Amino acid sequence: MNSKVVTRFAPSPTGFMHIGGVRTALYAWLFARKHGGRFILRIEDTDKEREVANSIPHIIESLTWFGIEWDEGIDRGGPHAPYLQSKRLDLYRAYAEKLIAAGHAYPDPYSESELEALRNEAVGKKQPFLFRDHRPAKLSPWDGRQPLRFRAPRIARYEWNDLVRGRLSAGEEAIDDFILIKSDGYPTYNLAHIVDDIEMGVTHVMRGEEFISSTPKFLSLYEALGATAPAFATMPVILGPDGKKKLSKRDGAKDLLDYRAEGYVPEAMMNVLALVGWNPGTDQEFFSKDELIAAFDLSRVQVSGAHFDEVKLLTINQHWMRTLSDEEFIARGDFHDADREKLRAAVPLLKERARTFREARDMLAGELACLFEKPALNRGKLVAKEPADRPGMTKSALEGLLGLVQALPSDVSTGTVKETLMPLADAEEKKGKGGRGAVLWPLRYALSGQERSPDPFTLVALLGAAETVSRIRAAIAILEG
RNA sequence: GGCCCUAUCGUCUAACGGCUAGGACAGCGCCCUUUCACGGCGUAAAUCGGGGUUCGAUUCCCCGUGGGGUCACCA
C-alpha cells in the first residue's frame with residue numbers, strides 16, 4: 001500500500017526558485033521517499049506571457065544542487081511523458097470535450113468588454129461578481145476560440161480533509177464558473193494540474209496555503225471528471241525575513257542558487273529548510289538527508305507561518321562543513337588558485353573559523369593571507385603599546401624566540417611548538433612585564449602582520465621553522481632600522 | 001469588504017487536559033585564551049485579550065484582537 005505513494009512538484013517556469021518553493025518540493029519528496037513512493041517533476045508552462053527564458057534548466061539545477069532527485073520528470077522522461085504541460089494540449093482538450101459532453105463545461109459567449117461591464121455593474125451595486133449568474137441561456141458549440149468555462153455545481157458547504165490541518169471547509173461562494181481553457185488554447189492551471197495529477201496517478205498533493213480557498217474548485221472538477229481526488233496536505237507559508245508577509249520574489253526573496261554562491265552547502269539548506277515548518281518532536285537539530293527521510297511525518301508539519309532564519313543557517317552550515325573530509329572541503333570550497341599545499345594545511349583552521357565557503361575564501365585572502373605570503377610589517381605597530389595592556393615589542397623577546405624556533409624540527413605539530421615556546425612566555429610572565437603577551441604578541445605580529453590571527457603556535461606549525469625564522473628576522477630588522 | 005487559515009521566549013519550535021512551560025539559534029555573563037575564532041559552563045527571555053467547559057486549561061469551545069491567504073483568460 002505504501003508503495004503506491006506518488007507525489008510531485010510542479011513549478012511554473014517563471015524564473016528562479018526561492019526557499020518557499022524548495023521547501024514545498026522537499027516535503028513532497030521526503031514524503032515519497034519515506035513511503036517508498038515515486039516523486040515527479042512536472043513543469044506547468046501554460047501561461048506563456050509570464051514565462052521566463054531559461055527557467056527550466058535553472059529549476060533543474062537548483063533542485064539537483066539541493067539534493068532532491070526525481071523518478072520521473074521533465075528532463076528524464078517516464079511512463080507519463082511528456083512532463084511539460086505545453087506538450088500535452090491534446091490531452092487537456094480531450095478532457096475538456098468530455099466535460100462539455102457531460103454538460104459540465106460551456107463556452108463563454110462574452111467579449112472582454114462585455115465581461116468587464118458585467119463585473120463593473122456588480123461592483124457598483126457592491127455585490128460580489130459571480131459569472132454563474134450570467135450563464136448564457138443557450139449553449140453554442142465551442143469553437144476553441146472562446147474561453148471554456150466549468151459549470152460549477154452549487155454546493156452549500158464544501159468540506160474536505162487535509163493531512164496537515166484536518167477538517168477544512170468553504171462556503172458556496174468559494175466557487176464560480178472558472179475558466180478551463182483560455183482563448184489562446186492553453187488550459188488554465190485549474191484544469192491542467194488536475195488532468196495531469198489524474199493521469200500521472202498522483203496520490204498526495206502538497207502545496208502552500210494560498211490554495212486552500214481554491215480547493216472547492218478542484219474537488220468539484222474531480223467529481224465532474226468522475227475521478228477520485230488525491231489527499232491534500234497544506235504547507236505553512238515561509239514569511240519574509242523582516243515582514244509578516246509571505247516570502248515572494250517581489251519582496252526580494254533570494255534564488256536558492258544564491259545560497260550556493262554565498263558558500264552554503266546543500267546539506268545545511270536541506271536541514272534548515274526541513275525544520276522551518278516541521279519538527280521531529282525530539283531535540284535533534286542536525287539531520288542528514290537519510291535521517292530526514294526516516295523521521296519525516298506530515299502529521300508534524302506546522303500549520304502557522306514561520307520566518308526563515310539565516311543566522312541559524314550559518315550555524316547549521318558550519319556544522320555540515322565540518323563534517324566534510326579535508327579533500328571534500330577543498331573540492332567543494334571553490335578556492336581556485338590557492339596554493340594547494342598551504343590550503344590543505346589551512347583546512348582545519350578554516351573548518352574551525354568559517355561558517356560558509358565564502359567566509360573561508362575571504363579568510364584565505366584576509367586574515368589567513370599570511371600563510372601564503374610574507375606580511376608587510378609596520379614599525380609603529382611593532383612598538384605600539386595600544387591597547388593599554390599590550391606589552392609592546394622588544395628585540396630580546398624576538399631573539400629569544402628565534403633561538404627556540406631554530407631548534408624546531410622542520411615538520412612540527414602545533415602542540416610541540418607550544419611546548420617549546422611557552423616556557424619563554426611563562427618566564428616573561430614571572431618577570432611581570434606584560435606577561436606572556438610580551439612574547440606572544442610580537443610573535444603573532446611578526447608572523448601574521450595582524451592584530452587578529454590564529455594563535456601563533458598554529459602559525460609556526462603551518463609556516464614551518466624556516467619561514468618563521470625568516471619572518472622573525474624581518475621583524476628584528478625593522479625594530480633596529 | 002465576503003469567505004477561509006492562523007496565534008508559546010527576538011526567531012524556529014516541544015509539551016496524552018496534569019511536574020518549576022523544555023530544546024535550538026541569536027543575546028548576555030563566566031571559564032579557556034595576550035587577539036579573533038573554536039570549545040565548556042551558566043543566565044535572561046514566551047503561552048495575544050476576555051469569557052466558558054473542567055478538580056485542573058498552552059492544550060477543548062465561543063467572542064474579540066492581531067497576522068496571513070483568497071476572491072484572474074496567474075499558477
Side-chain angles (χ1 to χ4, degrees), chain A residues 10-14 44-47 49-50 85 108 112 115 119 126-130 146-149 158 162 165 168-176 178-190 192-193 207-216 234 236-237 239 241 243-246 272 275-286 300 302-316 318 322 348-355 359 363 367 387 389-391 425 428-429 434-445 448 450-456:
Chain A
S12 56
T14 52
E44 310 211 322
D45 63 332
T46 56
D47 185 349
E49 285 188 22
R50 294 188 177 211
Q85 287 187 327
D108 177 345
E112 267 183 62
L115 196 56
R119 188 169 277 132
K126 299 200 169 180
Q127 302 279 316
F129 173 74
L130 287 170
Q146 288 291 90
L148 187 72
R149 283 189 187 264
Y158 291 85
D162 187 280
R165 302 191 183 221
L168 292 178
S169 67
E172 66 160 349
E173 62 292 322
I175 180 173
D176 189 21
F178 58 89
I179 290 185
L180 297 167
I181 301 220
K182 299 178 271 185
S183 56
D184 66 2
Y186 283 92
T188 60
Y189 166 80
N190 298 314
H193 94 274
R207 58 184 155 208
E209 66 176 56
E210 64 269 30
F211 290 95
I212 292 179
S213 45
S214 43
T215 300
T234 297
V237 291
L239 304 162
K244 291 172 175 172
K245 278 191 189 162
K246 189 179 83 158
V272 171
L275 258 17
V276 178
W278 170 84
N279 74 83
T282 68
D283 286 345
Q284 187 174 349
E285 299 282 342
F286 298 114
R300 296 200 67 95
Q302 217 69 15
V303 292
S304 54
H307 294 87
F308 177 66
D309 184 1
E310 292 207 1
V311 177
K312 195 160 189 168
L313 173 62
L314 281 172
T315 303
I316 293 189
Q318 183 166 40
R322 286 174 175 175
L349 225 42
L350 292 172
K351 279 185 179 172
E352 177 188 299
R353 305 168 85 83
R355 294 172 299 177
E359 284 185 359
M363 280 174 192
E367 65 192 82
D389 57 344
R390 175 170 291 168
E428 209 54 40
E429 185 167 53
R436 293 172 170 176
V439 169
L440 299 180
W441 152 244
L443 181 58
R444 174 194 311 288
Y445 187 71
S448 71
Q450 293 172 105
E451 301 178 44
R452 287 166 40 170
S453 76
D455 74 85

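Letters go in sequence order (proteins before strands), and every chain restarts at 1. The model shown is predicted, which means the values in this text are computed figures rather than measured ones.
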Peer 1: What interatomic distance, in whole Å, is found between P of B:A37 and the corresponding atom of B:C30?
Peer 2: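 Approximately 14 Å lies between the P atom of B:C30 and that of B:A37.
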Peer 1: Tell me if a side-chain donor or acceptor on A:Thr282 pairs with a main-chain N or O of A:Gln284 at a distance below 3.5 Å.
Peer 2: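 Yes; at least one donor-acceptor contact below 3.5 Å.
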Peer 1: Taking 4.0 Å as the cut-off, does a side-chain nitrogen or oxygen of A:Arg207 come that near to OP1 or OP2 on B:U70?
Peer 2: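 A:Arg207 to B:U70 OP1/OP2: no side-chain N or O under 4.0 Å.
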Peer 1: How does protein contact run along nucleotides 18-32 of chain B, one letter per nucleotide 5' to 3', with B for base contact, S for sugar-phosphate only, - for none, heavy atoms under 4.0 Å?
Peer 2: -----BBSS------
Peer 1: Could you tell me whether a side-chain N or O of A:Glu44 sits under 3.5 Å from a main-chain N or O of A:Pro11, the two making a donor and an acceptor?
Peer 2: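 Looks like no, no N/O pair under 3.5 Å.
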Peer 1: Please check the phosphate of B:U35 (OP1 and OP2 only) for any side-chain N or O of A:Arg444 closer than 4.0 Å.
Peer 2: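 Answer no for this pair, as no side-chain N or O of A:Arg444 is under 4.0 Å from OP1 or OP2.
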Peer 1: With rounding to whole Å, what would you report as the distance between B:A21 and B:U53 at their P atoms?
Peer 2: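 25 Å, rounded to whole Å.
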Peer 1: Need one value for A:Gln302: base, sugar-phosphate or nothing, where a base atom within 4.0 Å counts as base even if backbone is also close, heavy atoms only.
Peer 2: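 Since only primed, P, OP1 and OP2 atoms lie under 4.0 Å of A:Gln302, the category is sugar-phosphate.
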Peer 1: Partner of B:C71 by Watson-Crick or G-U wobble geometry, both contacts under 3.5 Å, or none?
Peer 2: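 Pairing partner: B:G1.
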Peer 1: Which part of the nucleic acid does A:Glu210 contact within heavy-atom distance under 4.0 Å: base, sugar-phosphate only, or nothing?
Peer 2: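 If one applies the 4.0 Å heavy-atom cut-off, A:Glu210 turns out to touch the sugar-phosphate alone, with no base involved.
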Peer 1: Taking 5.5 Å and 30° as the limits, would you call A:Phe211 and the base of B:G69 a stacked pair?
Peer 2: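 No.
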Peer 1: Picking from B:U34, B:A7, B:C12, which would you name as closest to the side chain of A:Ala306?
Peer 2: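 From the listed options, B:C12 comes nearest.
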Peer 1: Using a heavy-atom cut-off of 4.0 Å across all strands, would you classify A:Gly277 as base, sugar-phosphate, or nothing?
Peer 2: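 Answer is sugar-phosphate: A:Gly277 comes under 4.0 Å of backbone atoms only.
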Peer 1: Of A:Ser214 and A:Leu275, whose nearest nucleotide on RNA chain B comes first from the 5' end?
Peer 2: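 Nearest-nucleotide comparison on RNA chain B picks A:Leu275.
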Peer 1: Rounded to the nearest 0.5 Å, what's the gap from CE on A:Met363 to OG on A:Ser453? Could you check?
Peer 2: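 So the gap between those two atoms works out to 12.5 Å.
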Peer 1: Does a nitrogen or oxygen in the side chain of A:Thr282 sit under 4.0 Å from OP1 or OP2 of B:A14?
Peer 2: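 Result: no.
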Peer 1: Sticking with atom C1', work out how far B:G18 lies from B:C5, rounded to a whole angstrom.
Peer 2: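 After rounding to an integer number of Å, I get 30 Å for this pair.
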Peer 1: Any strand is fair game: report the nucleotide pairing with B:U58 by Watson-Crick or G-U wobble, both distances under 3.5 Å, or none.
Peer 2: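 The base-pairing partner of B:U58, which may sit in any strand shown, does not exist here.
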Peer 1: To the nearest Å, give me how far apart CD (A:Glu112) and C1' (B:C73) are.
Peer 2: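 From A:Glu112 CD to B:C73 C1': 8 Å.
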Peer 1: Tell me whether the OP1 or OP2 atom of B:U11 has a side-chain N or O from A:His307 closer than 4.0 Å.
Peer 2: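 Negative; the distance criterion is not met.
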Peer 1: Under the salt bridge (Lys or Arg N to Asp or Glu O under 4.0 Å) criterion, do A:Glu451 and A:Arg444 qualify, and how do the steps go?
Peer 2: CA-CA 7 Å; A:Glu451 301 178 44; A:Arg444 174 194 311 288; over 6 Å; no
Peer 1: Within less than 4.0 Å of OP1 or OP2 of B:A72, is there a side-chain N or O belonging to A:Arg50?
Peer 2: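 A:Arg50 to B:A72 OP1/OP2: no side-chain N or O under 4.0 Å.
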Peer 1: When only distance counts, do a donor and an acceptor, one from the side chain of A:Ser213 and one from the base of B:C3, lie under 3.5 Å apart?
Peer 2: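 Side chain to base: no pair present.
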Peer 1: Counting side-chain heavy atoms from C-beta on, which of B:A37, B:A72, B:U34 comes nearest to A:Arg119?
Peer 2: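 In terms of side-chain proximity for A:Arg119, the closest of B:A37, B:A72, B:U34 is B:A72.
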Peer 1: Should B:A24 form a Watson-Crick or G-U wobble pair with both distances under 3.5 Å, which nucleotide is its partner?
Peer 2: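 Checking every strand shown, B:A24 finds its partner in B:U11, with both distances under 3.5 Å.
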Peer 1: In Å, rounded to the nearest 0.5 Å, how long is the span from OG1 of A:Thr46 to CD of A:Gln85?
Peer 2: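 So the gap between those two atoms works out to 5.5 Å.
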Peer 1: Starting the side chain at C-beta, find the nucleotide from B:A75, B:U13, B:U35 nearest to A:Asp455.
Peer 2: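 Shortest atom-to-atom distance from the side chain points to B:U35.
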Peer 1: At under 4.0 Å between heavy atoms, what does A:Ser453 touch on the DNA or RNA strands: base, sugar-phosphate, or nothing?
Peer 2: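 Base, at least one base atom sits under 4.0 Å.
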Peer 1: Between B:U20 and B:U54, how far apart are the P atoms? Round to whole Å, please.
Peer 2: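 24 Å, rounded to whole Å.
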Peer 1: I'd like the P distance from B:U8 over to B:G27, given in whole Å.
Peer 2: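 Per the computed distance, 23 Å lies between those P atoms.
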Peer 1: C1' atom, B:C16 versus B:U70: distance in rounded Å?
Peer 2: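 One C1' to the other, the span is 36 Å.
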Peer 1: Check every strand shown and say whether A:Val237 touches a base, only sugar-phosphate, or nothing at a heavy-atom separation below 4.0 Å.
Peer 2: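 Touches nothing.
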Peer 1: Quick one: sort the A:Tyr189 and A:His193 rings into parallel, tilted or perpendicular, breaks at 30° and 60°.
Peer 2: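 Ring orientation of A:Tyr189 relative to A:His193: parallel.
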Peer 1: Return no unless some side-chain N or O of A:Gln85 is found under 4.0 Å from OP1 or OP2 of B:A75.
Peer 2: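 For B:A75, neither OP1 nor OP2 has a side-chain N or O of A:Gln85 closer than 4.0 Å.
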Peer 1: Measuring only the C1' atom in each nucleotide, how far is B:G69 from B:U11? A whole number of Å is fine.
Peer 2: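 Approximately 22 Å lies between the C1' atom of B:G69 and that of B:U11.
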Peer 1: Scan A:Pro128 against the nucleic acid and name what it touches under 4.0 Å (heavy atoms): base, sugar-phosphate only, or nothing.
Peer 2: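 Here A:Pro128 touches no strand at all.
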Peer 1: Using a 4.0 Å heavy-atom cut-off, does A:Ile212 contact any base of the nucleic acid, only the sugar-phosphate backbone, or nothing at all?
Peer 2: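 The answer is sugar-phosphate, as A:Ile212 gets under 4.0 Å only of primed atoms, P, OP1 or OP2.
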Peer 1: Would you say A:Asn279 reaches B:A14's phosphate, i.e. side-chain N/O to OP1/OP2 under 4.0 Å?
Peer 2: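 Answer yes for this pair, as a side-chain N or O of A:Asn279 is under 4.0 Å from OP1 or OP2.
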Peer 1: Under 4.0 Å, heavy atoms only, any strand: does A:Pro11 hit a base, just the sugar-phosphate, or nothing?
Peer 2: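 It contacts nothing in the nucleic acid.
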Peer 1: B:U34 and B:G22: how far apart are their C1' atoms, nearest whole angstrom?
Peer 2: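 Taking atom C1' in both B:U34 and B:G22, they lie 40 Å apart.
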Peer 1: Mapping A:Gln146 and A:Gly281 to their closest nucleotides on RNA chain B, which lands nearer the 5' end?
Peer 2: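 First, find each residue's nearest nucleotide; the 5'-ward one identifies A:Gly281.
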